[in-house]
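Here is the structure we will look at, set down as structure tokens.
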Amino acid sequence: MRDVRRRTVLSAIGGTAVAGGALNSGIAEAAPAAPARGAAAEDRGTPHEGKVQRLLDRMTVEEKLGQLQQLAWSWDTGPGGGETKDVEDAARAGRLGSVLSIFGAKSSNALQRIAVEESRLGIPLLFGLDVIHGFWTTFPIPLAQAASFDPDVTRTDAEVSAKEARSNGVHWTFSPMMDVTHEPRWGRVAESCGEDPYLTAEFAAAKVEGYQGPGKGEFTAKDRVAACAKHFVAYGGAEGGRDYNTVDVSESRLRNLYLPPFKAALDAGAATVMASFNTVGGVPAHGNSHTLTGILKKEWGFDGVVVSDWTGVQELIAHGFAEDGAAAARLSLNAGVDMEMVSTNLREHGRKLLRAGKISERRLDDAVARVLRLKFALGLFDHPYVDEDAAIDGPTAATRKAARETGARSMVLLKNEGAGSGKILPLKSGVKSVAVVGPFGDSDDLLGTWVVPAAAKKYPSVKVLDAVRRAAPDAKVTYARGVDPEGKDTSGVPAAVAAAKAADVTVVVVGEPPSMSGEAAARSDIGLPGAQERLVEAVARTGKPFVVVLVGGRPLTMGGWLESAPAVLEAWHPGVEAGNAIADVLFGKVNPGGKLPVSFPRTVGQIPIHYNHESTGRPYDADNKYTSKYLDLPPDPQFPFGHGLSYTTFEIGTPKLSRASVPAGSLRDGDTLEVSVTVSNTGRRKGDEVVQLYVHDLAASITQPVRKMRGFRRVTLGAGRSTVVRFRLGAADLGFWTNDPHGEFLVEEGRFDLYVGNSSTAKSKVTLTVT
């Protein structure tokens, strides 16, 4: 047994900062102490403090409470339309800080003029919108972007989205979502980056940088918006995958699994954070002072805005945490919520609570200052309006090209049978006949969940059928729907079978419609909906070559049809250029290089199944009944985290260490070491491989995952070419957080197996000793 007295302790309060590796998210850094609430301007160190304090001195209690209020706008309704009278009246009275779901240069300017030109203090409004994976130009869903294993994909999405949104009056996006989840039944897995905190952290930081720009703290540029790290925290752990459900989590799991992406986003400069709907250890997140104030504001020194989720403050009553609206207002503000979305408890009860001493003037001023600080950082006091003539009104050729490239870059080739040129994919552009079958082959609704409604209406996705016709212009391309997305009627299957029999190859496009993933879209059965499996099986029985293209917003269970399918391409919901991106991969214009950011379970009864699990005292043994397993299932997922094939082949060598051992003390002082490996393209065409690094601490004072990702690099290699990929490891990669609620990070002595390969099942390893 390891002597746990001989360990390096890095405390989050007053500890020594840790230098992470080249790809580290910085989760192990000691956080600076938060500035005291109501501190003087010079103590804050931000450029607008003098202006903020002078405004605070002039504000009435009602005006202060108004800055903490965010109200919703009615879609497609301009000022004076009647439905928005409450919003306009509040803006005119100076009792409104923000509005969500308003966009369009003309509408936003009209409402902004009411606040700036008719209210007593002329404080501008902050306009927020759920710009999740595109504004006009819809990019692949976030889960798909994570499958690219290329943070530049999500950075591109954010840069394009920010430019389009800001020109239309939007200042603030409620993105990125960084909820790590092991639960594919949860609909919001589509908005996530999957099951790994390291991968999610890298993408969270990239998206924040894409939205806000390279600088930290100022977002005045006309093509940038403020980002919002959501949902704080542990929302991805909802019991049973049911949205808004309970989460019961230990402090160590909270800090090792759920918090790292948030720390990475804040290190990248995220301006705001959104509280989550769930409980954390029995305390609703909107009233959880440990997470919102203890960790976020004090331990990490976050000086931005914490916004509630939609009616999240009001829902403290339904949680059984608050007796009434006044209690909900008191509990949420005192816990660390700075702005209330949609419900109005702070605005209605704040004055009475202040008089009764149940909330303090200092805390109220702190919350208001955070909101004002953000408005100054966005340049709203100097430039409250947008140029209506410069508003972007749709995707451009350049942004469509970016959406098409990222869509193809995010796809994962799950299966491709045959030997050499006998493999089904890629399809030959000179093929004489192609049948496209399935409910999504002729669909223009492959945008995915959380799309701006006006964009979905005006700019639907490119159809797979149309794209196949363009990719194979000399082929006879036929289409048969076969079945509806969710229906049980199979009367159309014979026509699909006939089309398959008459074609050289069939493309079967099946999966989930966007309505079956995203918020409030949990599923108890995550197989193909309706009669789609029967369609695939019927096509398989023809004996003709076919490929299955899966579209959707989550990992799906595949049942018996998988064995009969020669090739399977996971396309997710690829966005506005969906059909073109899919055709690019099918016909080999793009060599697929994506990898799975989530494990695909064999059946729903296997959930949760994820690569980064802890071991047990009786790990799986096929020959021993009394070990951890199911009687009727193999122990592994259908497809593991990190899996993905290519049209070429790669060989990843044995990893090498720059040194075989390193003192724990030197790691604490910022020392690092290098892991290097040679990767070679052994095939006949250019392609991408994602080299992945995993760490396993063989023995620790708190049981560690059997593997945890600590590096990845997507590389492009020509046929016969090789390169050396290098990773740096530091304390952040080799240590872990304990159950100490004050934040204790340990780097312990012992042996670490370092695995390098092309998925989480990598076998090649080298052992490091920490002394």
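Bear in mind the structure is a predicted one, so any value in this text is a computation, not a measurement.
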In short, Val412 meets Ala147 closest at the heavy-atom pair CG2-CB, 3.9 Å
If we count only N and O atoms by modelled type, under 3.5 Å, do the side chains of Asp179 and Tyr258 hold a donor and an acceptor together? no
Go through it in stages, so that I can follow the logic: the residues are Thr449 and Glu191, the test is side-chain hydrogen bond (donor to acceptor under 3.5 Å, both in side chains), and I'd like the CA-CA distance, side-chain angles, deciding distance and then a yes or no. CA-CA 8 Å; Thr449 183; Glu191 298 174 58; 5.0 Å; no
Using 0.5 Å steps for rounding, measure from the CD atom of Glu251 to the NE2 atom of His742. 9.5 Å
Does Arg707 use its side chain to pair, donor to acceptor, with the backbone of Ala762 at less than 3.5 Å? yes
Minimal heavy-atom distance between Val747 and Ala664, with the atoms involved, is O-CB, 4.2 Å
Pairwise distance CG(Leu693) to OH(Tyr198) - rounded to 0.5 angstrom: 8.0 Å
Hey, what do you get for CG (Asp697) to CZ (Arg751), rounding to the nearest 0.5 Å? 10.5 Å
If you define the side chain from C-beta out and look only at heavy atoms, does anything of Pro142 sit under 4.5 Å from Arg188? no
Does any donor atom in the side chain of His182 or Asn612 lie under 3.5 Å from an acceptor atom in the other side chain? yes
Is a side-chain N or O of His643 found less than 3.5 angstrom from the main chain of Ser759, in a donor-acceptor match? no
Classify the angle between the aromatic ring planes of His613 and His610 as parallel (below 30°), tilted (30 to 60°) or perpendicular (above 60°). perpendicular
To the nearest 0.5 Å, what is the distance between CZ on Phe232 and CZ on Phe302? 9.0 Å
Evaluate the side-chain proximity of Val679 to Thr723: yes if any heavy-atom separation is below 4.5 Å, no if none is. yes
Separation between OG1 of Thr200 and CE of Met709, rounded to the nearest 0.5 Å: 10.5 Å
Does any N or O in the side chain of Arg155 come within less than 3.5 Å of the main-chain N or O of Asp150, such that one atom is a donor and the other an acceptor? no
Report the C-alpha separation of Lys230 and Phe174 in whole Å, then their side-chain angles, then the decisive distance to 0.1 Å, and conclude whether the side chain to side chain contact (heavy atoms under 4.5 Å, CB included) test is met. CA-CA 7 Å; Lys230 69 179 189 184; Phe174 303 122; 4.0 Å; yes
Any chance you could lay out the salt bridge (Lys or Arg N to Asp or Glu O under 4.0 Å) test for Arg409 and Glu405, step after step, and finish with the verdict? CA-CA 6 Å; Arg409 196 165 177 80; Glu405 290 174 350; over 6 Å; no
Nearest atoms (heavy-atom pairs only) where Ala285 meets Val233: CB-N, 4.5 Å
Using the side chain to side chain contact (heavy atoms under 4.5 Å, CB included) rule, take Leu698 and His696 through it: C-alpha gap first, then chi angles, then the decisive distance, then the call. CA-CA 6 Å; Leu698 272 67; His696 178 215; 4.2 Å; yes
Which of these passes salt bridge (Lys or Arg N to Asp or Glu O under 4.0 Å) with Glu689: Arg714, Arg713, Lys595, Arg721? Lys595
Are Ser252 and Trp737 packed together at the side-chain level, in the sense that at least one heavy-atom pair is separated by less than 4.5 angstrom? no
Backbone N/O of Ser276 and side chain of His286: donor-acceptor pair under 3.5 Å: yes
Side chains of Ser646 and Asn591: any donor to acceptor distance under 3.5 Å? yes
Under 3.5 Å: donor-acceptor pair, side chain of Ser764, backbone of Tyr755: no
Main chain of Leu633, side chain of Gln606: is a donor-acceptor contact present, judged purely on distance under 3.5 Å? no
In the structure I gave you, are the side-chain heavy atoms of Thr672 and Asp733 within less than 4.5 Å of one another anywhere? no
Pair Trp300, Leu259 - check side chain to side chain contact (heavy atoms under 4.5 Å, CB included), show working. CA-CA 11 Å; Trp300 292 355; Leu259 283 175; 3.8 Å; yes
Donor-acceptor pair, side chain of Trp572 and main chain of Ser410, under 3.5 angstrom: yes
Can you name the closest pair of heavy atoms from Gly552 and Ile141 and give their distance? O-CD1, 3.7 Å
Which heavy atom of Pro151 sits nearest to which heavy atom of Glu202, and what is that distance? CB-O, 4.2 Å
Regarding Ser161 and Asp157, do their side chains bring together a donor and an acceptor under 3.5 Å, going by distance alone? yes
Under 3.5 Å, side chain of Glu674 to main-chain N/O of Arg726, donor-acceptor pair present? no
Less than 3.5 Å apart, any donor N or O on the side chain of Thr769 or Ser661 sitting next to an acceptor on the other? no
Indicate the atoms forming the closest heavy-atom contact of Ala234 with Leu254, along with that distance. CB-CD1, 4.2 Å
Among side-chain atoms of Glu239 and Thr246, is any donor-acceptor pair under 3.5 angstrom? no
Are the side chains of Glu570 and Phe639 in touch, meaning some heavy atoms are under 4.5 Å apart? no
Checking side chain to side chain contact (heavy atoms under 4.5 Å, CB included) for the pair Leu266/Leu296: CA distance, chi angles, key distance, verdict? CA-CA 10 Å; Leu266 298 189; Leu296 180 63; 3.5 Å; yes
With heavy-atom distances below 4.5 Å as the criterion, would you say the side chains of Thr716 and Lys686 are in contact? yes
Pick one: which of Val677, Leu657, Asp753 meets side chain to side chain contact (heavy atoms under 4.5 Å, CB included) with Val766? Leu657
Hey, could you give me the OG1/CG distance between Thr761 and Asp636, rounded to the nearest 0.5 Å? 9.0 Å
With a 4.5 Å cut-off on side-chain heavy atoms, are Phe727 and Val691 touching? yes
So, Asp196 and Tyr611: side-chain donor and acceptor under 3.5 Å apart, yes or no? yes
Where the side chain of Lys207 meets the backbone of Ser175, is there a donor-acceptor pair that is under 3.5 Å apart? no
For the pair Gln692 (side chain) and Asn758 (backbone), establish whether a donor and an acceptor sit closer than 3.5 Å, ignoring hydrogens and angles. yes
Measuring only between side-chain heavy atoms, which start at C-beta, is Val247 closer than 4.5 Å to Tyr235? no
